[in-house]
Amino acid sequence: MPYLSQRVKDISESQTIAMARKSRELKASGIDIISLSLGEPDFTTPQIIKDAAKKAIDDNFSYYTHVSGYVELREAICKKFKRDNNLDYTAEEIVVSTGAKQSISNAVLCLVNEGDEVIVPSPYWVSYLELLKLAGAKPIIINTTLETNFKITAAQLEKSITPKTRVIIFSTPCNPTGSVYSKQELKEISDVVLSHEDLYVISDEIYEHINYVGGHQSLAQFTGMKERVATINGVSKAYAMTGWRGGILAGPKWLAQACDKMQGQFTSATSSITQKAMHTAMELDYDKYIKPMRDAFLKRRDLVYELIKQIPGFKTNLPEGAFYFFPEISYYFGKSYNGFTIKNGTDMSMYLLDVAHVALVPGAAFGDDNYIRFSYATNEDNLREALKRMKDALEKLK
Ligand code: PMP
Ligand code: GLU
């Protein structure tokens, strides 16, 4: 066995990426897999963004930039925060990265020491726990359920805080549950945060524009919170730019400087071409470019919700944002087909991959294996066919 660090041995492979790889392999071997595993818009990047990138190449915008992104880009991001979220950031408070994933990694590595406690409402996004492991943090999980639409309350948060708590990390709109915190709920959370010294929040708002219940609410909007919050955003989801690798962190200047230092050792800036593309994205007209994609996601959500209702034993909330369903499936535990018995979400994912040829992700990756997650960021025909195949496969379980 070649030598590997304990660090890498201790973390798990990203389950979303692992399932996507598995379904690609099966597809390559000729099996007709419908992949609902990876949360990735099927839309193409708007032409105007692609043109900006082509122009950047032709203009030889091809040198290293400032690690945090070139200044005019960061100024455009500040304008976006003001316009969309009523947040007053300056360019020194912004760090552009290679994706929300890197922005979160930067924030975790800069805010957390070995042994610090980090509060993570569950279900959580797949990478949070592994990144915390890398930082040596102790995750404190707050479990939520379908009955409370998977949201934590201020009282639950208060109860979980100890003198060792440094950070809270969560997403709204939430991946995997689609839950969206209201302004009032966020205000109550911010009151708890502000009542503790040296307590910070990594607020993952990457699904900001994929919201079906009104305007996005940022946690940093409340008085005093800008100093306490790393607001995470990026271009992957709303602009259909997953492969471009562009992420954003906005936070207090001391944190932005620390993230710049960290990123300066890991990757430097993201691609200069991507930065030009992001610059155009920040200035896009929402109604013209983003809303049509968001409306298509909403239509698909409604379609899938109707189809799920016809599947016995799938219990789900109506997601208010993002593009995932996270059904509870314990009804099927103990049921078998062809000698294979379903005991948890991991078994269910394997079963649906083998029998229905539909790829999804076990709930275990998000903290609860009584669930499975699937993305509806694909066209309606695919969704109809996938749900039909799943229903047929589930009917075989006795
Ligand atoms: N946070 C959440 C909640 C996500 O679902 C994802 C997946 N895209 C990310 C962060 C990372 O996004 P990016 O592609 O910008 O790294
Ligand atoms: N965020 C997406 C998901 O949850 C993409 C996968 C990833 O970045 O890990 O499926």
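The residues of the chain are indexed from 1 along the displayed sequence. In listed order, ligands and their atoms are each counted from 1. Reckoned from all heavy atoms, side chains included, excluding hydrogens, waters and symmetry mates.
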In ligand 1, the atoms that come under 4.0 Å of a heavy atom of A100 are 10 (C), 11 (C), 12 (O), 13 (P), 15 (O), 16 (O)
Exercise for review: Indicate yes or no: does an N/O atom of K101 lie under 3.5 Å from an N/O atom of ligand 1?
Suggested key: yes
closest protein heavy atom to atom 6 (C) of ligand 1 is W125 CZ2, 3.3 Å
Near N175 (heavy-atom distance under 4.0 Å), the atoms of ligand 1 are 3 (C), 4 (C), 5 (O)
Sequence neighbours excluded, the answer for ring pair (Phe, Tyr, Trp, His ring centres under 6.0 Å) partners of F340 is none
Are K343 and F333 in a cation-pi setup, meaning NZ or CZ lies under 6.0 angstrom from the ring centre and within 45 degrees of the ring axis?
no
Checklist entry - M19 near ligand 2, heavy-atom distance under 4.0 Å? => result no
Determine the interplanar angle of the Y371 and F326 rings, folded into 0 to 90°, and report it as parallel if under 30°, tilted if 30 to 60°, perpendicular if over 60°.
parallel
Under 4.0 Å from one or more heavy atoms of R245, ligand 1 contributes atoms 13 (P), 14 (O), 16 (O)
### Query
Is there a donor-acceptor contact under 3.5 Å linking the side chains of E328 and S330?
yes
With heavy atoms and a 4.0 Å threshold, my read on which part of Y324 contacts ligand 2 is side chain
Note: Q102, heavy atoms under 4.0 Å from ligand 1, region reported as neither
Within the 4.0 Å heavy-atom cut-off, what N175 brings close to ligand 2 is side chain
Atoms of ligand 2 under 4.0 Å from any heavy atom of S14, numbered from 1 in the order shown, are 9 (O)
Atom 9 (O) of ligand 2: closest protein heavy atom, distance to 0.1 Å, is T16 OG1, 2.8 Å
Numbered in order shown, the ligand 1 atoms found under 4.0 Å of a heavy atom of G99 are 15 (O), 16 (O)
Fill in: Sub-4.0 Å heavy-atom contact, S127 with ligand 2
no
The residue among D302, L318, L298, D295 that forms side-chain contact (heavy atoms from CB on, under 4.5 Å) with Y212 is L298
Note: ligand 2 atoms sitting under 4.0 Å from heavy atoms of K237 are 1 (N), 2 (C)
Q) Does one hydrophobic cluster hold both Y124 and V361, with members joined at side-chain heavy-atom distances below 4.5 Å? A) yes
Exercise. Decide whether the shortest distance between a heavy atom of Q15 and an atom of ligand 2 is less than 4.0 Å.
Key: no
- Query: Does a salt bridge link K226 with E93, judged by any charged N lying under 4.0 Å from a carboxylate O?
  - Reply: yes
If you compare S236, A322, S375, P173 by their heavy atoms, the one closest to atom 14 (O) of ligand 1 turns out to be S236
Checklist entry - Mind checking whether K237 has a heavy atom under 4.0 Å from ligand 1? => result yes
Note: ligand 1 atoms sitting under 4.0 Å from heavy atoms of D204 are 1 (N), 2 (C), 3 (C), 10 (C)
Donor-acceptor pairs under 3.5 angstrom involving side-chain atoms of residues 390-398: please list them, not counting sequence neighbours.
from, atom 1, to, atom 2, distance (Å)
D392, OD2, K388, NZ, 3.0
K398, NZ, E395, O, 2.8

Mark the output for T242 as yes if a heavy-atom distance to ligand 1 is under 4.0 Å, and as no if none is.
no
- Message: Less than 6.0 angstrom separating the ring centers of F170 and Y181, yes or no?
- Response: yes
Is the ring pair F323/F297 parallel, tilted or perpendicular, if the boundaries are 30 and 60 degrees?
tilted
Next on the checklist: Is it the case that the ring center of H216 lies less than 6.0 angstrom away from the ring center of Y207?
Outcome noted: no
Smallest heavy-atom separation, S179 atom then T172 atom, equals O-OG1, 4.3 Å
Test of understanding: clusters of I, L, V, M, F, W, Y form through side-chain heavy atoms closer than 4.5 Å, transitively. Do L111 and I140 belong to the same one?
no
A student checking ligand 2 against K101 at a 4.0 Å heavy-atom cut-off should list atoms 7 (C), 8 (O), 9 (O)
Q: Could you tell me whether L38 and ligand 2 have an N or O pair separated by under 3.5 Å?
A: no
Logged contact type for E40 with ligand 2, heavy-atom cut-off 4.0 Å, is neither
